[in-house]
Amino acid sequence: MFKILDKEKLALSIFRFEIEAPKIARKAKAGQFVILRLDEQGERIPLTICDFDEKKSSISLVLQEVGKTTQQLASLSCGDCIADVVGPLGKPSEIKNFGTVVCVAGGVGAAVILPVARVLKGVGNKIITILGARSEELLILEEELSLISDEFFIMTDDGSKGRCGVCTDILKELIEGGCDISRVVAIGPVIMMKFVCKTTEPHKIKTVVSLNSIMVDGTGMCGSCRVTVGGETKFCCVDGPEFDGHLVDFDELINRQRMYLEEESLSLELHDVKRVECRCKKHKKREGN
Amino acid sequence: MLKGSSVDARSTKREKVIDRLEQNNKQVPSRIPVSEQTPKERVSNFNEVTLGYTAEQAVAEASRCLQCKLAPCIQGCPVGISIPSFIKLIKEGNFRGAINKIKEKNCLPTVCGRVCPQENQCEKLCTLGKKGEPVAIGRLERFVADYERESGKISLPKKKEPTDKKVAVVGSGPAGLTCAGDLAKLGHKVTIFEALHKPGGVLLYGIPEFRLPKAVVESEISYIKKLGVEIKTNMVVGKITTIDELFYEGYDAIFIGVGAGLPRFLKVPGENFNGIYSANEFLTRVNLMKAYLFPKYDTPIKKGENVVVVGGGNVAMDSARTALRLGAKKVYLLYRRAKEDMPARKEEVQHAKEEGIDFRILATPKRFIGIEGRVSAAECVETRLGELDNSGRRKPVIKEGSEFLLAVDVVIVAIGAKANPLLPKATPGLKLYKEGYIATDQNCVTSKEGIFAGGDIVTGSATVISAMGTGRKATLEIDRYLATLK
Ligand code: FES
């Protein structure tokens, strides 16, 4: 059992959880993930480790309520327990002084990119961050990211904060403006990562993406997480989650992520019905904060 | 129990049997059949197919044993169970004695009685088998093991005095459980590290409920725990800790039994369409995650109407029969070699056939076709047998122009596994074979001091019992090694 030490609402339907996991906290490196299972009936879902604190023996995970499991997790409060957390899984990010690194973060990707950007900054890179979201209320970790960035841009689809548009607009301007970019790290929705890669490819700027495929075991045993990279099948859980974005078959990934859409919505519907029933019976357990 | 009289009765009976064999033109009394769920009944449930002997049936079957002095059957048993002795005890009605006899050599009798390929092992060498049907050793083993389990009174063997030695066992499949159980009996302190959230390895995620009920696996695991073995789940060794760190934490020896792991794919176009699974994924979703109970359980699975399974081993049979139980209307099984080359147990092939699996022998998929990202058809091609390959079987060669289409919505690729590099990569200095399997000598000793390995990560995909056999071998070697430490 893994205890929830802290819970914070970062934005509309986005939460940060601090979970007691001393062994994982000691071993985790930026870019790695855990797989968790909430209870006996639960599925195993991967979540990237956003922060780890050896002293507090804890790791932090950021999640957005999208399906049944994330909703159920979001309804837990401090002191509640998660049945299983396994990790750290996947390869850590490649950390080196590359020169200037542009970090492009979309949505909850901001939480995943934060530890990577922090370590990259720590080894001497110049960090330019482009933080994007659909609208202002979905922007997260603005302060934390701006603090470690040498240059910082905000983009929202509707212009409610920062500039109106998509992350690649600024990236394009930077490239065309002659900014000497050594590397781009893009983490966010697959479609965003795809377009970032399309933007950088003609300029041969190395672009690293972090992929979130559907997983079961997370140790290379099942192949559920397979992605095509450079024409070869790779397992996201052990070969990734970070890959050279110019080699990734994003369309296949988008398709594979949609594999269980029908099942997911059924699951969610049933869960919603249960939640409403629970609330009627005044079994109020959810939404601690 | 009047032991003396039953021994006399036995010896006269045995003589009689032998006499009869000789007189009756070497006729051997035939096996006591075991009851099974009918094919029609069983394809709509996940309950166990073979129901097992009753006490009367077991005694009757045990009475067929000739109690040969040389006991060739024992040679066929990878863990060396004293087969004639336990069968004699069954015949005498001493079922507890029989199970204790088995447990001297085998920690997982309820499992072995169900999934061992006895027809290629002990039963193959049975003297009766030369003239007729061999003694149903596997069914007898299962009977006494179930007898004990159902009685709820599980006897624990005598453990040796505790030593002050600590052993880490990585992986809780058949190799790891055997090694851990045996080492605990020898008085050592054993901790198992399991990567998944539940122990059991392939017994849990791989072999389906209808062949090996999970309650059976759980009772075996609780037995191992009662022997004093500690099991830590959610521990991916190579990630959260390493072999070297385990030594640092005070373990004196380490046994690696992590299984082969990495699934093989066909490497044909379209293989990543949705609806195409490795057998590992398909079976793990169903067995470990209980996807067949979705949405009560959260893990989903695509239940196909028309399913193609590729492969000819037990895992392929398990996948095909599982697909059927999930509600498939039609399940094809494609195998690219000859029927005789199928590595699956005869009984499994037989069961699969009875249940209506459509065997397409000498055929293989060439590519998969999809609609909107989901597999919709498999373009297959016939094969013929060519020259012998290095597995000693005739190599399948594609027959040009023999393409045919199967409309499918789920495909399960069950063509074996490769070595998972996760742990070896995190263990510098550990010598590997070419394909990434861990190199060991006959006695499971690896190239690094204090590290032993067994099961599929050494041998490549094999059977539960052969993994257990290596677990047992490693135990002896580890015990010897620990004695050399001060
Ligand atoms: S999640 Fe199973 S192999 Fe990657």
Side-chain angles (χ1 to χ4, degrees), chain A residues 2 21 23-24 26-28 32 34-45 67-69 72 83-90 214 216-228 232-233 235 237-238 249 251-260 262-264 266-267 269-271, chain B residues 194-198 202 205-206 232-236 238-242 245 258-265 267 271-285 288-291 293-303 370 372-374 413 417-418 420-423 425:
Chain A
F2 295 78
K23 286 219 167 86
I24 303 176
R26 202 164 62 216
K27 274 295 174 116
Q32 289 187 298
V34 293
I35 284 187
L36 59 80
R37 190 180 76 126
L38 293 180
D39 53 32
E40 202 39 47
Q41 282 76 41
E43 59 181 336
R44 293 170 63 99
I45 60 158
K68 189 221 160 180
T69 302
Q72 202 185 335
D84 303 289
V85 180
V86 57
L89 299 170
I214 297 175
V216 183
D217 60 299
T219 61
M221 185 265 274
C222 76
S224 153
C225 62
R226 61 195 193 272
V227 287
T228 302
E232 263 181 72
T233 294
F235 289 180
C237 67
V238 284
D249 183 340
D251 296 333
E252 183 188 277
L253 177 63
I254 291 171
N255 181 54
R256 285 188 66 80
Q257 282 184 332
R258 298 166 53 91
M259 179 137 162
Y260 297 106
E262 299 147 39
E263 287 82 358
E264 279 160 17
L266 173 67
S267 222
E269 235 170 76
L270 293 171
H271 183 61
Chain B
E194 166 56 44
L196 289 168
H197 55 266
K198 266 191 195 154
V202 73
Y205 72 73
K232 293 190 177 179
T233 51
N234 293 322
M235 298 291 269
V236 181
K239 289 288 178 189
I240 195 157
T241 183
T242 63
E245 284 167 348
V258 292
L262 239 48
R264 270 181 209 280
F265 283 95
K267 299 209 163 111
E271 201 168 16
N272 291 346
F273 277 128
N274 291 349
I276 304 183
Y277 292 102
S278 75
N280 268 2
E281 180 184 356
F282 186 75
L283 292 172
T284 302
R285 282 181 181 270
L288 175 73
M289 306 308 296
K290 304 220 187 304
L293 298 175
F294 178 86
K296 188 169 167 249
Y297 281 71
D298 293 339
T299 305
I301 191 149
K302 287 290 173 200
K303 304 177 181 180
E372 288 175 1
R374 275 210 68 178
V413 181
K418 296 181 281 190
N420 190 334
L422 195 151
L423 183 132
K425 258 195 202 159

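Note that the structure is a prediction, hence the values are computed from the model and not measured.
Shown here are the salt bridge (Lys or Arg N to Asp or Glu O under 4.0 Å) partners of A:D39, two or more places apart in sequence or in another chain: there are none. Remark: A:F235 pairs with no residue by the ring-ring contact (aromatic ring centres under 6.0 Å, His included) rule, at least two apart or across chains.
At a 4.5 Å heavy-atom cutoff, the contact between B:N420 and chain A is made by side-chain atoms alone. Both the backbone and the side chain of B:I240 come within contact range of chain A, each with at least one heavy atom under 4.5 Å from a heavy atom of that chain. For A:S224, the parts lying near chain B are the backbone and the side chain together; criterion is any non-hydrogen pair under 4.5 Å. Contact annotation for B:Y205: only side-chain heavy atoms (C-beta onward) come within less than 4.5 Å of a heavy atom of chain A. With a 4.5 angstrom heavy-atom cutoff, A:I24 touches chain B via backbone and side-chain atoms both. Contact annotation for A:R256: both backbone and side-chain heavy atoms come within less than 4.5 Å of a heavy atom of chain B. Contacts between B:I276 and chain A at a heavy-atom distance below 4.5 Å involve backbone atoms as well as side-chain atoms. Only the side chain of A:T69 comes within less than 4.5 Å of a heavy atom of chain B; its backbone N, CA, C and O stay farther away.
Between B:F294 and A:L266 there is a side-chain heavy-atom pair separated by less than 4.5 Å. Within the 4.5 Å cutoff, side-chain heavy atoms of B:Y277 are placed close to those of B:I301. Counting only heavy atoms from C-beta outward, the side chains of B:P421 and B:L262 approach each other to under 4.5 Å.
The number of heavy-atom neighbours closer than 6.0 Å to CZ of B:R374, taken from other residues, nucleotides and ligands shown, is above 12. More than 12 heavy atoms of other shown residues, nucleotides or ligands fall within 6.0 angstrom of atom NZ in B:K303.
Your options are A:E264, A:H271, A:R226, A:K23, and the one with the most heavy-atom pairs under 4.5 Å with chain B is A:R226. Most heavy-atom pairs under 4.5 Å with chain A: of the set B:G275, B:A195, B:P263, B:G238, this distinction falls to B:P263. The greatest number of non-hydrogen atom pairs below 4.5 Å with chain B, out of A:D217, A:V238, A:V85, is found for A:V85. Note on A:K27, A:R26, A:Q72: by heavy-atom pairs under 4.5 Å with chain B, the leading option is A:K27. Options B:T241, B:L196, B:T284 differ in how many heavy-atom pairs under 4.5 Å they form with chain A, and the most are formed by B:L196. Counting heavy-atom pairs closer than 4.5 Å to chain A, the top residue among B:A260, B:G261, B:P295 is B:G261. Counting heavy-atom pairs under 4.5 Å between each of A:E252, A:R44, A:K68, A:E40 and chain B puts A:R44 at the top. With respect to chain A, the highest number of heavy-atom pairs below 4.5 Å among B:K296, B:K290, B:K302 belongs to B:K302. Top candidate by heavy-atom pairs under 4.5 Å with chain A, chosen from B:V413, B:T299, B:T233, B:L288, is B:T299.
For the residue pair B:S278 / B:N280, no side-chain donor-acceptor distance below 3.5 Å is found, with atom types taken as modelled.
Closest approach of B:D298 to A:E43, counting heavy atoms only: CB-N, 3.6 Å.
Under the side chain to side chain contact (heavy atoms under 4.5 Å, CB included) rule, A:L253 has a single partner from A:I214, A:V227, A:T228, which is A:V227.
Using modelled atom types, one side-chain atom of A:Q32 and one backbone atom of A:G90 make a donor-acceptor pair closer than 3.5 Å.
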